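Take a look at the structure set out below.
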Amino acid sequence: MKNKEKIESGVHVLPPLPYAECALDTVISANTVSFHYGKHHKGYVDNLNKLVAGTEFEQMTIEKIIAATAGKADKAAIFNNSAQVWNHTFYWCSLKPKGGGEPPAALKKKLEADFGTLDSCKKELAAAATTQFGSGWAWLVLDGGKLKAVKTGNADCPLTKGMKPLLNIDVWEHAYYLDYQNRRADYVSAVLDKLINWDFAAANLLKK
Ligand SMILES: [Fe+2]
């Protein structure tokens, strides 16, 4: 990921947004991005730093913390905050100003092989996003060599299920409520048409 979390002096830092807070405002207002990034994403980073201070997790990367705490009831708070840090950093990279449109050729070919058409892929992503009950995420993933649209609840992340995430869409209410109130489907549709960053997905597909 472009803005990968760094560990500086044992402290996880909030990565910079890849664009200005107002850059997505054809779909997501600067006000929403300001709260989402500056309060929610930052809050997960701050909570994680408090939770791991002085523990075996303090010097681990975010990915290692997620792997080490997934499914462990006594480590749920560390898992939730580390996964939400990762999920949000991934989300900001999954969007871009003037996104949407046509994916790069190699990704488009793979999308058409696995979903039939680009439109079918977008419909499956929209269905995953709108049918996630309560808070969570929709994802385009590579699973067993095949591209799939999947959903996860709360902080859960496909990394813990052996899948390779290519992009995600945050469907927690904090991602859209100020702009769209209860109209999650309208937010998801606008994101897929105007913001989704197919270049990021294409780059993730090529990663080992
Ligand atoms: Fe969020």
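These numbers come from a predicted model, not from an experiment. Note that ligands are numbered from 1 as they come in the structure, with each ligand's atoms numbered from 1 the same way.
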In terms of ring plane angle, is the pair His88 and Tyr91 parallel, tilted or perpendicular, where the classes change at 30° and 60°? perpendicular
Under 6.0 Å between ring centres, would you say that holds for Trp92 and His36? yes
For the Fe ion (ligand 1), the nearest N/O/S atom on Asp170 is atom OD2
A side-chain contact here means heavy atoms from C-beta on lying under 4.5 Å apart; do Val141 and Leu147 qualify? no
So Glu173 and Tyr176, do their side chains get closer than 4.5 Å, heavy atoms only? yes
Flag His174 as yes if one of its N/O/S atoms falls below 2.8 Å of the Fe ion (ligand 1), otherwise no. yes
I need the NE2(His88)-the Fe ion (ligand 1)-NE2(His36) angle, rounded to 10 degrees. 100°
